[in-house]
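What you see is a predicted model; the values in this text were computed from it and never measured.
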Amino acid sequence: AGCFCTHEGVYGPNGPFLGPIPPAESSWMAVPYLDSIEAPKVLVFREPVAVVRSLLGTGFFETSGPYLDFALHHEPRLAKFSPVDAAWYWWTVWNERALPHVDAYVSVETPHWGKLSSLVGVGVAELKESAGRVGSRYNGRERADLDSAFVGADVRLIERAGDLYVRLRT
């Protein structure tokens, strides 16, 4: 939004950092703490297939570590799913959990510039220019192929994610 913004600098796998808070923070790990944050909150969501492919490509649900531990601590039901089902469930549940606590939500792929501008008090032109300075590869780590996002996945989890995505995009 045209200001200094940390990424997982305040909200990380060990919980909130208790030091000086920057003007803005971007972290999926802030979701459990959203109700206690007294600042405008924007849910920035991504298209679910891209997220599922990224989670599978990085082995997120197959590699033990602090990020998976954080996810399992806050959503223990993830442990019962295969990696592909966990990815679909995670995208849906985490976005659903955030929604009641945010002031606005915006798609990474198709941002609503006017909504963001009025929320953060920065002009549309400045927002677009700032966004242009960010690389086009959001979470640009290795991604699984497209088929892997669907093969063996529970259709009900895909449909639930799709329904939420449609609601968020309207």
Minimal non-hydrogen separation, [X] against [Y], with atom names:
X	Y	value
P40	D103	CA-OD2, 3.2 Å
W91	A161	CZ3-O, 3.4 Å
A153	I158	CB-CD1, 3.7 Å
A86	L78	O-CD2, 3.6 Å
P66	P13	O-CB, 3.6 Å
L168	Y105	O-CE1, 3.2 Å

Which pairs of donor and acceptor atoms, one on a side chain in residues 26-35, lie under 3.5 Å apart (sequence neighbours left out)?
| unit_1 | atom_1 | unit_2 | atom_2 | d |
| --- | --- | --- | --- | --- |
| S27 | OG | Y11 | O | 2.7 |
| S27 | OG | M29 | N | 3.0 |
| W28 | NE1 | E8 | OE2 | 3.4 |

field: Residues forming a ring pair (Phe, Tyr, Trp, His ring centres under 6.0 Å) with W88, sequence neighbours excluded
entry: F150
field: Counterpart residues, ring pair (Phe, Tyr, Trp, His ring centres under 6.0 Å), relative to H74 (two or more places apart)
entry: F70
field: Shared hydrophobic cluster, F17 / I37 (ILVMFWY, side-chain heavy atoms < 4.5 Å)
entry: no
May I have all residue pairs that pass salt bridge (charged side-chain N to carboxylate O under 4.0 Å, His left out) and include part of [range], sequence neighbours excluded?
range	result
residues 63-75	E75-R77, E75-R97
residues 82-96	E96-R160
residues 18-33	none

query: Are F81 and L157 side-chain neighbours, meaning at least one heavy-atom pair lies under 4.5 Å?
result: yes
- request: Check whether any side-chain heavy atom of F61 sits under 4.5 Å from a side-chain heavy atom of W90, and report yes or no.
  value: yes
query: With R167, which residues qualify under side chain to side chain contact (heavy atoms under 4.5 Å, CB included), at least two apart?
result: L164
Any residue meeting side chain to side chain contact (heavy atoms under 4.5 Å, CB included) with E62, in chain and number order, not counting sequence neighbours: P83
field: Under the salt bridge (charged side-chain N to carboxylate O under 4.0 Å, His left out) test, residues paired with D163 that sit two or more places apart
entry: none
task: Output yes when a side-chain donor or acceptor of T58 lies under 3.5 Å from a complementary backbone atom of S54, and no otherwise.
output: yes
